[in-house]
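Here the structure comes first, spelled out in structure tokens, and everything after it is commentary.
Not measured: the values here are computed from a predicted model. Lettering follows sequence order; numbering is per chain, from 1.
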8 protein chains.
Amino acid sequence: MQMPSRRTRILTGAAVLAAVGVSAAGAIAVAAPDTGVRAAGAPASRTAATGTVATDHLSIAAAAKAAQAALAAAQKADQHVSVAVVDRNGNTVVTLRGDGAGPQSYRAAEAKAFTAVSWNAPTSALTKRLEQAPTLKDIPGTLFLAGGAPVQAEGAPIAGIGVAGAPSGDLDEQFAQAGVAALNG
Amino acid sequence: MQMPSRRTRILTGAAVLAAVGVSAAGAIAVAAPDTGVRAAGAPASRTAATGTVATDHLSIAAAAKAAQAALAAAQKADQHVSVAVVDRNGNTVVTLRGDGAGPQSYRAAEAKAFTAVSWNAPTSALTKRLEQAPTLKDIPGTLFLAGGAPVQAEGAPIAGIGVAGAPSGDLDEQFAQAGVAALNG
Amino acid sequence: MQMPSRRTRILTGAAVLAAVGVSAAGAIAVAAPDTGVRAAGAPASRTAATGTVATDHLSIAAAAKAAQAALAAAQKADQHVSVAVVDRNGNTVVTLRGDGAGPQSYRAAEAKAFTAVSWNAPTSALTKRLEQAPTLKDIPGTLFLAGGAPVQAEGAPIAGIGVAGAPSGDLDEQFAQAGVAALNG
Amino acid sequence: MQMPSRRTRILTGAAVLAAVGVSAAGAIAVAAPDTGVRAAGAPASRTAATGTVATDHLSIAAAAKAAQAALAAAQKADQHVSVAVVDRNGNTVVTLRGDGAGPQSYRAAEAKAFTAVSWNAPTSALTKRLEQAPTLKDIPGTLFLAGGAPVQAEGAPIAGIGVAGAPSGDLDEQFAQAGVAALNG
Amino acid sequence: MQMPSRRTRILTGAAVLAAVGVSAAGAIAVAAPDTGVRAAGAPASRTAATGTVATDHLSIAAAAKAAQAALAAAQKADQHVSVAVVDRNGNTVVTLRGDGAGPQSYRAAEAKAFTAVSWNAPTSALTKRLEQAPTLKDIPGTLFLAGGAPVQAEGAPIAGIGVAGAPSGDLDEQFAQAGVAALNG
Amino acid sequence: MQMPSRRTRILTGAAVLAAVGVSAAGAIAVAAPDTGVRAAGAPASRTAATGTVATDHLSIAAAAKAAQAALAAAQKADQHVSVAVVDRNGNTVVTLRGDGAGPQSYRAAEAKAFTAVSWNAPTSALTKRLEQAPTLKDIPGTLFLAGGAPVQAEGAPIAGIGVAGAPSGDLDEQFAQAGVAALNG
Amino acid sequence: MQMPSRRTRILTGAAVLAAVGVSAAGAIAVAAPDTGVRAAGAPASRTAATGTVATDHLSIAAAAKAAQAALAAAQKADQHVSVAVVDRNGNTVVTLRGDGAGPQSYRAAEAKAFTAVSWNAPTSALTKRLEQAPTLKDIPGTLFLAGGAPVQAEGAPIAGIGVAGAPSGDLDEQFAQAGVAALNG
Amino acid sequence: MQMPSRRTRILTGAAVLAAVGVSAAGAIAVAAPDTGVRAAGAPASRTAATGTVATDHLSIAAAAKAAQAALAAAQKADQHVSVAVVDRNGNTVVTLRGDGAGPQSYRAAEAKAFTAVSWNAPTSALTKRLEQAPTLKDIPGTLFLAGGAPVQAEGAPIAGIGVAGAPSGDLDEQFAQAGVAALNG
């Protein structure tokens, strides 16, 4: 098997959002959580000869950098939030409970990050999916509330960043996207 | 008590769906989760003389075959899903977390399978029941989202197959039904 | 302190329902979960001199009798259900998982019984309260779905009986009320 | 760092409610859970020189006093309730399960207190936020039902008081606010 | 496949205990949880032609009878206990919380029943296995404490009866065995 | 049925301990958690004519008084503890998280109280029972660690008081017993 | 970074066991869960340039093959077991509940697999570590009982296979190792 | 009340350990988790005039710095670990799942941190306490395994740092102490 080049381009959440905006014209595209995203052969998930698959994850250094960037963005806006980074397998890899963040924000941030990586889309976009499929939000571990952003490597979701605690989910999501953006800095 | 012949006919989910479609004319039939289905004397649940009841379950060989068939159907359609088979008592008997399936898909597949066997109907049909009884979905362990299909033996639900991870629940349910169909192959 | 006579009159769920029907004219009465019901000095909850309060509970003999009666009513109607009796403190005291009952029915029966005793009303009546207060159903341990009936002693709720598994909650509740009725048999 | 005077003024829930009413004119202010409330330098959360932050909590004496006052208010109104006080970190510090309170009231009171301190607003006001953001209520540990009131120190939420068990959430919240008021008594 | 005669002989726990005593001579037999017990072709688990397996369960009538007998035996001895019956799949089918039983007894009874059916032996015998394998008791859901007895059909465990609340586990187990014995009465 | 006089004598934990000391001569008496304690007809649990049983509970006023006394005793000794009162059904009725108490103390106090009421003995005495029956401590919800004391009414356990957070369990238990003693003050 | 050839050699559990046997001479080697095993640069965990790490996982095809092989080995020995495969992140990827397996076996198999991959050693070897560090077994999710075997890729643990239900953990582990061996077949 | 200077001296875990070593001569001192440590008036917990108590917490900046230092120390030693920081209230404030850390390490690190802050001592010292009080380790949320270190402000525990995943708990604890040391850097 040929290994792809490792210079993975990490898309910012903003780019994802843009794509979502565009595909909103097509009505269905947002609803597709990961079509074309984890296709066989994509670098983020490669089938190896002897029964193993290699998958890309954020290094802890990168994940911590993203989380810190999200927190810093919130602090700059005088908001008190918690931040979480969840990997593609749904395991939490970094959490930061910000000074003065409400007690609900810790689990909320984790759940938003989990949701963003599960469907490879910002949670602000995903909440719109509930109009068609309102019971999606009953899947254990998910939270369909703005504030989560996916981290992608060549289109595939490799992590989610979740932020909670600001007065609105849209603010939370700006901070989450600042975290994603830091990965390309 | 006379024991029925054991050549149990296993209905495909498609057949179930058809029945649901037909009974939709009768308005109530879908809503009846298991009326006429587990009636006394039906082969899938027989009362024995000395205080025991014999119930039919999928063998692990059959359950694994069904799960693999569901996964194969998803792979053929380039979808990344998890698959679960749950028995009539609500216990999970097989799980397969497909390559690249989102982290939410594992528990979602289990819950869909649990729901399908609980009401002996595909979960796509069951979601419609929420219009009349919206709090049905608050029963612990259930998920009223397309992607689950019951396995029947002479009309009684003996297992449920759940699939999750595709862009839509309808796709998930096609794969689940491919799993059911494999039991008659 | 003078102890009240112990010939506690246990109202059937049907009587409760009637009361609910009547009070529906008053619009608010149903919504009042326990007003006038656990008033100080009522026999079901008596304050004793030295810091203790005496509360009435169903004996296990009575609770089991009620549960068996509920199950028998379901069996007579060819329905496969689970039955639970929960005491006034929310602790389950009897469960019966009927032959052929769906796996979801066990926890559903417990939750219905818990809900009925919590608000001293049949759960069919309680679901109507969700129109005014939709988040009531988010209280942990509750299930706002027909099939639960309270057991009362001099107006106070001392237990709840929950039934689940029949094609409709109304059927489930008929069986639960048969259980309550058996306490006066 | 200069330490502020410690004569923290504790606002009653009623005052908070008033503020909420006023800000309802501004449409957004209620929605802001803690803007301006936990700003850096505010006495309730002070950054210290060497990496520590000092935060204000109710003493157990004050918390117990507030809980007892809430319970007493309910008893005076012949209502049977449970009361909980939760601190700013989401940890329960006092619970009182009142005589004759329904079994659902204990966890409900905790969840209401948790919710009130999380968003620094009475839960009656917070339920209105669900119109804009219905999935807020899916955040683990929260309950968007009237009956919770925040305790504030110089504007910052330092605790929540939750009451449950009365026929209506509005009654519950009156009792919770009586608890808050006792802190200024 | 030829169906065996249904006159299943249900061994009493006493008989099991005797067998354990005897097999103690053979050193290994007790340690073998289910060797020879669930062998292929044994009536309690029959492989059917088309992918289904038929397994024997206690009917709810029989299970309730056994539970009542266990409780009656305890009451006769002036002991306050809870009783549980768990089926071969680990699902609880009957519970009875006896008058005056300690609050710990309910979950303890369930766990003892689960353990007895899991290893097809009285829990008093199983506690001895901990000498060789002390971490057996860390398996979720188990309790290695006297008071659980298996119900067998042709040697296979089809249910477990657990009793808890008496001053000693040995007493608890006598009552559990009275429950098993009632199945042959 | 003749109702006993209600002048219930509440024994202090110290008295219980003494009894335990004495009965240690009899070797078995300590091991008997509630023999003779909840016997039929004992005032703390009376069978009524029509299927109800009346049980004594601490009023919330008494329970809160006991908890406050336990906390005060700890404060007097400059110890930082949490306190819990659990009723005879295992439900927590009062909790107080003392200023500066370690975070582990809250759940520990609840578990100690639960254990004390379950076996009607101080947890310091119960830990000795583990020599004979080491797996007793695996019963869900229990903690066999000094610091819990039962509250009795005519010999029957009607509540447990648990304290945790002091440097030794023996200190914790002194404070718990101060709580019990306050009920006779 | 240079990518290693992907022809990962997967060691059988037997080989691991041998290594453990040998290193037992060195006293410390067994105790070292992953020394030298996940060293930087090892193929199973590669740091990529842009903040991502690639890790090897079993493909679902390989994992299912291993699980089926483990189950087949048990069936050949007339044993009734459950099988689980857990990936390097602790997520379950395959489960098979064998016909007639005890109800405890399902969670036990998962926990053994989790434990084997956590410490990169067969659980039979790990139980010996408890002599030095008895509280290791208190880590959530673990089970220190023979029956788990790691799957390695170039020395690093990439999965664990757990088997439970046979009369002894050693038998369970033979079957688990048969599963590992199948990956090299 | 006079506010103390805020130049809190944060002791390293090593210093704590030394103190423990010394006090081991006194036999009892180690066993005392927090005597003299959270005494009234100590800066880390001050009673304020109006019913509030001010407590010191690590700022998120300091907590993250400590966690990063612990992880860096492990990486320098080629060990793969997870790190957690838990505050004095038991709430997790930072987590870092290191590259290649075993899946058990995440929860283990949290539990070690929780334990260290609960008793204000390194967990290596606390494991020795189990000789006297073996059931201490049954307190929910604790893990008595080397690898946790307290962070102190003027003697009071304000946080705990936990590390897990290295071949021995002693190594884990070295890294945790490196995290504590960084707070004084």
Side-chain angles (χ1 to χ4, degrees), chain B residues 23 28-48 51-56 86-92 110-111 113-121 126 129-130 132-144 148 150 155-160, chain C residues 71-72 74-82 84 92 97-116 123-131 133-148 162-173:
Chain B
S23 66
I28 288 291
V30 178
D34 42 18
T35 319
V37 150
R38 288 167 171 167
S45 178
R46 292 166 301 274
T47 304
T52 60
V53 178
T55 55
D56 290 328
V86 170
D87 75 8
R88 65 190 303 153
N89 300 119
N91 299 113
T92 304
E110 271 191 314
F114 180 88
T115 305
V117 72
S118 287
W119 280 278
N120 196 19
L126 291 169
R129 292 192 64 190
L130 296 180
Q132 261 71 42
T135 55
L136 263 183
K137 77 188 189 73
D138 296 332
I139 297 179
T142 64
L143 181 62
F144 283 73
I158 62 171
Chain C
L71 183 61
Q75 288 170 333
K76 201 170 166 184
D78 271 337
Q79 297 301 333
H80 307 273
V81 303
S82 290
T92 303
R97 189 189 294 259
D99 299 328
Q104 87 294 355
S105 62
Y106 190 85
R107 290 292 165 213
E110 271 190 314
K112 290 176 181 180
F114 180 89
T115 306
T123 51
S124 59
L126 292 169
T127 55
K128 284 159 200 144
R129 293 191 64 191
L130 298 179
E131 291 163 23
T135 55
L136 264 183
K137 77 189 190 73
D138 296 333
I139 296 178
T142 64
L143 181 62
F144 282 74
L145 187 59
V163 176
S168 79
D170 288 339
L171 269 176
D172 286 330
E173 200 161 303

Residue C:Leu130 versus chain B: region with a heavy atom under 4.5 Å =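 Side chain of C:Leu130 only, per the 4.5 Å heavy-atom cut-off to chain B.
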For C:Ala74, side chain to side chain contact (heavy atoms under 4.5 Å, CB included) partners two or more places apart =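 With sequence neighbours excluded, C:Ala74 shows a side chain to side chain contact (heavy atoms under 4.5 Å, CB included) to C:Gln79, C:Val81, C:Phe175, given in chain and number order.
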key: Residues that C:Phe144 engages under ring-ring contact (aromatic ring centres under 6.0 Å, His included), provided they are two or more places apart   =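 Scan of C:Phe144 (ring-ring contact (aromatic ring centres under 6.0 Å, His included), adjacent residues dropped) gives C:Trp119.
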For [X] and [Y], which heavy atoms make the closest approach, and how far apart are they?
| X | Y | value |
| --- | --- | --- |
| C:Pro103 | B:Arg88 | CD-O, 3.3 Å |
| B:Thr135 | C:Leu143 | O-CD1, 3.7 Å |
| C:Gln104 | B:Ile139 | O-CG2, 3.7 Å |

task = Report the residue from C:Lys137, C:Lys112, C:Arg107 that forms a salt bridge (charged side-chain N to carboxylate O under 4.0 Å, His left out) with B:Asp138.
result =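 Only one option passes, and that is C:Lys137.
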task = Please state whether the side chain, the backbone, both or neither of B:Asn89 comes within less than 4.5 Å of a heavy atom of chain C.
result =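 Only the backbone of B:Asn89 comes within 4.5 Å of chain C.
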